[in-house]
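The structure appears right after this line, and notes come after that.
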Amino acid sequence: MASLWSSLEKDVFNPQKKRLLETIRVWKTGKKKKMSILCVVVDTFRPMQPFLVKVKVDRGEQYKIAYRWPLAELKLVDGKTLNQGLWQGAWVLTSIEINEEKNSFPVLHPGQIKYICTARLKGKPYLQASLDFDLQFDKVYKWTASSFDEKKTFIRCLWKLNHRFLASSVTFVNVPSCAAEAGRQRSQEDRKDTEETESQEELSAYQEMTPKEAADVLKLMEEYEPLVNNSVAFAEQLSNDLQVLDEANLRAIISSEKRVTQLMSSIDEALAEVARVEETLQIYDELLGSVKQEMDHIYQENSLLHRINSNKTRLMDEILFLTTHLNLSREHCDALSRADLSSPSKVKACIAAAEALSGCMNIQIQPGYRKMQSVAEQLIMFETLKQNFENAFIGHITSIFELQGNAQVPALGQPIDKLSAPSHGHHHKELVPYTPLMAWLRNANPVLFCDLPKVYAQNLSRLYDREIKAFFEQAKTFLLGRRKGSLQESLEKPMAMGSRQQSRWSLPGGREGQEDTLDKGNVIKQMLEQVLRELQPLCTVEQQFIEQFFQLSQGAADLQVPEASATKGGESMASPEDPPCTKPRSQLEEPTTRLLSEIFGCLESELRGFLDVCNKVHPFSCLQVLVTLSDSIFEMWGSSSALPSSFLNTLLGNMLLLAKSSFNKSIGTLCKEIEEAKMPSKMKGGILPSVSRFEEFVNLSEEVFRTARRRGELDKAHLRLAGSVFSSINSLSSANLKVNTDMVMMENFHHIHCFLCKKKIHCLEGKKREAKQRYSEHMEKYVIKYLGQPLEKLNHFFEGVKARVAQGVKEEEVSFQLAYSKQELRKVIEKYPGKEVKRALETLYRKIHKYLSPEENLLPVVWHAMEQEFIRQYQEFEDLIQRCYAGSGIAMDFTMEDLLSYFNSITLSNM
């Protein structure tokens with residue numbers, strides 16, 4: 001029961017600010033199907049009103065209030081019990097036997113005993129405790145309690161609330177009077193206890209001694225123990241003591257009779273005064289009871305008045321809210337109905353009216369208000385005004401877009417040093433006043449709004465196409481230095497002339513030709529930079545305008561364009577040094593970029609065409625285009641005025657990829673020509689044309705890239721060209737040249753090494769070291785080959801000696817070989833006297849001097865290398881003679897000093 005009570009208080013009544021007084025589990029009389037709970041509750045605030053609440057329990061053990069009755073509406077309580085005596089005694093006796101002794105009966109009133117005995121004699125059952133009771137409100141509700149105790153407690157609670165709150169307006173039937181006031185009930189219980197005590201004394205003549213009485217008797221017997229054995233003497237002694245006590249008591253009573261009389265009179269007076277006080281208190285209580293009822297009634301009426309005033313205030317607030325916030329002024333209604341956007345003042349009036357209409361339509365009202373006719377009519381009027389103004393505004397702004405798209409392009413008559421892109425500031429200025437209305441339309445009807453940027457792009461793209469084509473046509477004319485005539489002829493003529501004189505990728509041979517190429521490159525650079533400078537404000541201003549006008553900046557502000565690279569034909573088109581704006585077009589899907597792509601639909605193709613014209617000015621114009629584009633993009637990216645996600649940055653990034661692709665193709669073509677170049681059959685030596693072309697390209701490219709911020713592509717090109725040149729030089733080994741191949745390769749690698757040392761290009765340090773190594777290798781081969789000619793037979797002889805020793809023949813036994821005997825050695829040595837050796841060296845010197853190119857100045861180096869090699873061979877020959885022909889007395893006709901004098905004299909004679 002405690003858990004039921006706490007659950008009801010926590011889940012049901014505490015949230016409603018009710019206090020639970022009593023509960024009873026009941027079901028409808030005669031239909032015990034589902035149990036309910038009747039609860040008596042009272043308000044926790046004044047005026048406190050009692051209620052009877054019926055609570056049901058659902059399947060989830062959740063309590064739910066089914067019905068509620070105010071106790072003020074309760075008229076009758078029927079307890080279904082006969083009278084008071086039976087009420088008190090019915091539960092005591094469940095069965096009784098007439099033949100039982102009188103002592104076994106409980107204390108009952110005569111009427112109860114008479115009824116029980118009569119019922120027994122007639123064979124009727126005794127009175128049973130009834131669980132039924134009735135409550136009458138507007139109709140009678142019949143209930144059956146789950147237990148008699150709960151029923152009795154419940155009815156007592158109703159009786160108390162009736163006297164306290166309802167002024168005893170409820171009639172109680174078949175309810176015993178034991179449920180009276182507390183004081184009255186206590187006095188009746190006291191009188192009842194006294195009557196029960198007296199009847200108990202009458203019914204029982206014998207009483208058992210109490211433990212205290214037994215202890216006193218034992219103490220007395222111990223005091224008179226000697227007399228206990230003599231009962232006669234003991235009895236006499238007790239009788240004498242009793243007489244003494246009685247005499248003392250009588251004397252005390254007689255002496256205090258007067259005082260007792262006074263005390264009794266005082267008690268009687270006190271009782272009389274108490275009776276008067278009780279009567280007075282009873283009167284006051286009755287008066288105060290009526291006053292309390294009146295005060296509660298007044299408080300209840302004040303509470304109702306307060307509630308009425310509160311409801312009126314709330315109603316007035318709601319009415320004012322609706323009339324204030326759902327009211328659109330007549331001026332605003334007229335402005336929206338006319339939708340006149342012909343002047344700035346009228347546009348401002350329409351903006352104010354549209355904002356006021358949005359304020360009225362965006363007010364949050366309760367769903368029930370929409371069922372009110374006036375509110376519904378007002379909302380319908382707002383919707384009608386909104387739709388009419390939307391249609392009118394869209395028609396007006398669309399007509400402006402069409403007029404701007406059909407505008408005529410002004411004639412381009414600027415001087416030759418002045419190239420300027422068209423300006424759309426006046427178009428933007430015409431549309432800026434409508435920006436608030438565009439924002440309003442975006443919030444009011446996003447579906448209609450999303451079509452306006454497309455309409456704007458479609459119309460303005462026509463105007464931009466005409467302007468951009470005229471702009472690039474003028475730029476091409478300025479670039480070629482002609483104002484009239486066909487541009488195609490200007491482009492084809494230099495190419496046709498160049499094809500008769502040199503190959504497609506040949507560089508000018510002379511210094512003047514290179515300077516002319518640099519001058520043309522500077523013209524290309526200046527013109528391309530001017531074109532890019534003019535395009536930047538054109539695209540940036542248009543991007544800023546559409547982001548502001550169409551509210552597209554929210555999506556584009558957080559855009560971060562990552563670094564991109566493209567690969568084509570297995571070659572990288574973007575290096576790690578590329579600017580971070582080169583994002584592939586397929587990834588740019590934000591609304592701003594898509595809109596700008598449609599507006600500037602022809603810009604990319606026109607810019608490609610202009611770059612093609614730049615590339616055709618001279619063979620390596622792609623160098624200047626690549627440097628200019630790269631520097632412009634990085635400068636634009638670092639500028640605070642340029643947007644990170646600007647359409648132009650993305651476009652130029654794609655153009656940079658295209659320029660890199662064109663540059664890589666040109667380098668590939670040049671490398672192929674170098675590798676596949678055939679050497680002339682009458683070539684006598686000197687620097688190869690491929691080496692000269694490599695040197696010229698490096699000089700030109702280094703001059704072009706001198707101020708460039710990035711040179712990753714140039715470094716790759718240098719490495720590719722250097723590899724092709726090295727491959728071209730290596731191919732000389734299979735060529736049929738009239739001169740020594742090692743000499744030509746030595747000279748060319750030496751030339752490349754010296755050139756790279758002078759240029760100090762970091763990426764070619766490896767190639768420089770390789771060139772030095774190859775130069776040294778081929779010079780060694782050249783020296784060894786030509787030194788075999790002056791002492792050819794002697795050289796062949798000692799080569800055979802070394803071969804025999806290598807085959808395992810002992811050095812001291814070599815002289816016993818027939819072909820390498822001492823006689824054969826003397827014959828060979830006799831063929832090379834000192835004069836002949838000197839003459840052979842002079843012939844060798846003249847031959848080297850004839851074929852070595854004077855530009856490289858390698859003769860002293862080669863002659864000194866031959867001197868060192870000849871001396872090494874001489875020492876080797878002397879050593880072999882000492883080891884293999886020891887004691888034979890054989891020696892060469894010339895000494896080491898003779899050799900040194902031969903070389904010195906030859907060198908001095910040719911200086």
Side-chain angles (χ1 to χ4, degrees), residues 321-367 369-370 375-401 404 427-460 542-559 589-596 598-599 645:
F321 175 80
L322 293 177
T323 55
T324 302
H325 293 86
L326 294 182
N327 182 33
L328 190 64
S329 66
R330 187 61 184 175
E331 293 77 5
H332 292 337
C333 292
D334 294 340
L336 294 174
S337 300
R338 290 193 300 268
D340 188 359
L341 301 170
S342 58
S343 64
S345 60
K346 294 179 180 179
V347 170
K348 292 181 180 179
C350 290
I351 293 173
E355 293 176 352
L357 178 62
S358 297
C360 293
M361 297 186 69
N362 294 333
I363 292 298
Q364 299 294 330
I365 60 176
Q366 299 180 10
Y369 289 166
R370 297 182 181 273
V375 175
E377 292 177 353
Q378 195 76 355
L379 294 178
I380 292 173
M381 184 192 71
F382 292 160
E383 186 66 26
T384 303
L385 289 174
K386 183 175 83 69
Q387 294 179 1
N388 293 337
F389 184 72
E390 287 174 354
N391 297 331
F393 173 67
I394 292 174
H396 181 78
I397 202 71
T398 303
S399 64
I400 295 178
F401 294 163
Q404 291 184 356
H427 294 318
H428 297 163
K429 186 177 181 181
E430 182 181 4
L431 292 174
V432 164
Y434 300 100
T435 302
L437 290 178
M438 295 296 293
W440 171 82
L441 182 62
R442 179 177 185 176
N443 297 325
N445 197 334
V447 177
L448 293 178
F449 173 81
C450 68
D451 293 333
L452 289 180
K454 300 177 183 178
V455 175
Y456 175 82
Q458 292 172 0
N459 287 277
L460 268 295
E542 184 64 32
Q543 177 178 347
Q544 293 175 347
F545 170 73
I546 62 172
E547 287 180 353
Q548 179 184 1
F549 189 69
F550 296 107
Q551 290 82 44
L552 302 177
S553 58
Q554 293 82 358
D558 300 331
L559 179 64
E589 295 298 336
E590 70 276 7
T592 303
T593 304
R594 290 199 303 268
L595 198 59
L596 288 172
E598 186 173 357
I599 294 174
S645 61

### Qualifying residues under side-chain contact (heavy atoms from CB on, under 4.5 Å), relative to Ser337, sequence neighbours excluded
Leu385
### Task
Over all heavy atoms of both residues, which pair between Ile363 and Gly359 is shortest? Give the atoms and the distance, please.
CG1-O, 3.0 Å
### Message
Can you pull out every ring pair (Phe, Tyr, Trp, His ring centres under 6.0 Å) where at least one residue sits in residues 335-363? Sequence neighbours excluded, please.
### Response
none
### Task
Can you see which heavy atom on Arg370 is nearest to which on Ala376, and at what distance?
O-CB, 3.7 Å
### Task
Find the distance between CE (Met361) and CZ (Phe382) and round it off to the nearest 0.5 Å.
8.0 Å
### Message
Counting C-beta onward and ignoring hydrogens, is there a side-chain heavy-atom pair between Val432 and Phe549 closer than 4.5 Å?
### Response
no
### Message
Just verifying a value: how many Å separate Glu383 CD and Asn388 CG, rounded to the nearest 0.5 Å?
### Response
10.0 Å
### Message
Are Ile394 and Phe449 packed together at the side-chain level, in the sense that at least one heavy-atom pair is separated by less than 4.5 angstrom?
### Response
no
### Query
Atom CG in Leu460, atom CD1 in Ile599: separation rounded to 0.5 Å?
6.0 Å
### Task
Evaluate the side chain to side chain contact (heavy atoms under 4.5 Å, CB included) criterion for residues Leu336 and Leu328: first the C-alpha distance (whole Å), next the side-chain angles of each, then the deciding distance (0.1 Å), finally the verdict.
CA-CA 11 Å; Leu336 294 174; Leu328 190 64; 4.1 Å; yes
### Task
Could you pull out the closest heavy-atom pair between Asn327 and Cys360, with the gap in Å?
O-SG, 3.8 Å
### Task
Only counting residues at least two apart or in another chain, list the ones meeting salt bridge (charged side-chain N to carboxylate O under 4.0 Å, His left out) with Glu331.
none
### Which residues share a salt bridge (charged side-chain N to carboxylate O under 4.0 Å, His left out) with Lys454, sequence neighbours left out
none
### Query
Do Gln543 and Glu547 come within less than 4.5 Å of each other through their side chains, counting heavy atoms only?
yes
### Query
Closest approach of Phe321 and Gln364, non-hydrogen atoms and distance?
CZ-O, 4.0 Å
### Query
Measuring from Lys386:NZ to Asn391:CG, what's the distance to the nearest 0.5 Å?
9.5 Å
### Query
Can you name the residues that form a ring-ring contact (aromatic ring centres under 6.0 Å, His included) with Phe393, not counting sequence neighbours?
none
## Note on the structure
Heavy atoms of Ala354 and Leu437 approach each other most closely as CB-CD2, 4.1 Å
### Min side-chain heavy-atom separation Lys346-Leu341 under 4.5 Å
no
#### Entry: Rounded distance (nearest 0.5 Å) linking atom CD of Gln387 with atom CG of Leu448
9.5 Å
#### Entry: Pairing residues for Ala439 by the side-chain contact (heavy atoms from CB on, under 4.5 Å) criterion, not counting sequence neighbours
Gln551
### Query
Can you tell if the side chain of Leu441 reaches within under 4.5 Å of the side chain of Leu452, non-hydrogen atoms only?
yes
#### Entry: Side-chain touch Ile365/Val375, heavy atoms, less than 4.5 angstrom
yes
### Task
Under the side-chain contact (heavy atoms from CB on, under 4.5 Å) rule, collect the residues that match up with Lys348, sequence neighbours excluded.
none
### Task
Scan for salt bridge (Lys or Arg N to Asp or Glu O under 4.0 Å) pairs involving residues 353-362, sequence neighbours excluded, and state none if there are none.
none
### Query
With sequence neighbours left out, what residues match Arg330 under salt bridge (charged side-chain N to carboxylate O under 4.0 Å, His left out)?
Asp334
## Note on the structure
Residue set satisfying ring-ring contact (aromatic ring centres under 6.0 Å, His included) with Phe401, at least two apart, ordered chain then number -> Tyr456
#### Entry: Tyr369 OH to Gln366 CD distance, which is reported to the nearest 0.5 Å
4.0 Å
#### Entry: Trp440 ring center near Phe389 ring center (under 6.0 Å)
yes
### Message
Please determine whether side chain to side chain contact (heavy atoms under 4.5 Å, CB included) holds for the pair Phe550 and Thr592, giving the CA-CA distance in whole Å, both sets of side-chain angles, and the decisive distance to 0.1 Å.
### Response
CA-CA 9 Å; Phe550 296 107; Thr592 303; over 6 Å; no
### Task
List for me each residue that meets salt bridge (charged side-chain N to carboxylate O under 4.0 Å, His left out) alongside Asp451, sequence neighbours excluded, and say none if there are none.
none
### Message
Side chains of Gln548 and Gln544 only: does a donor on one sit below 3.5 Å from an acceptor on the other?
### Response
no
### Task
Specify the closest pair of heavy atoms between Pro433 and Ile351, including all atoms of both residues, with the distance to one decimal.
O-CD1, 3.7 Å
### Query
Of all residues at least two apart in sequence or in a different chain, which pass the side-chain contact (heavy atoms from CB on, under 4.5 Å) check with Ile400?
His396, Ile397, Gln404, Glu430, Leu431, Tyr434
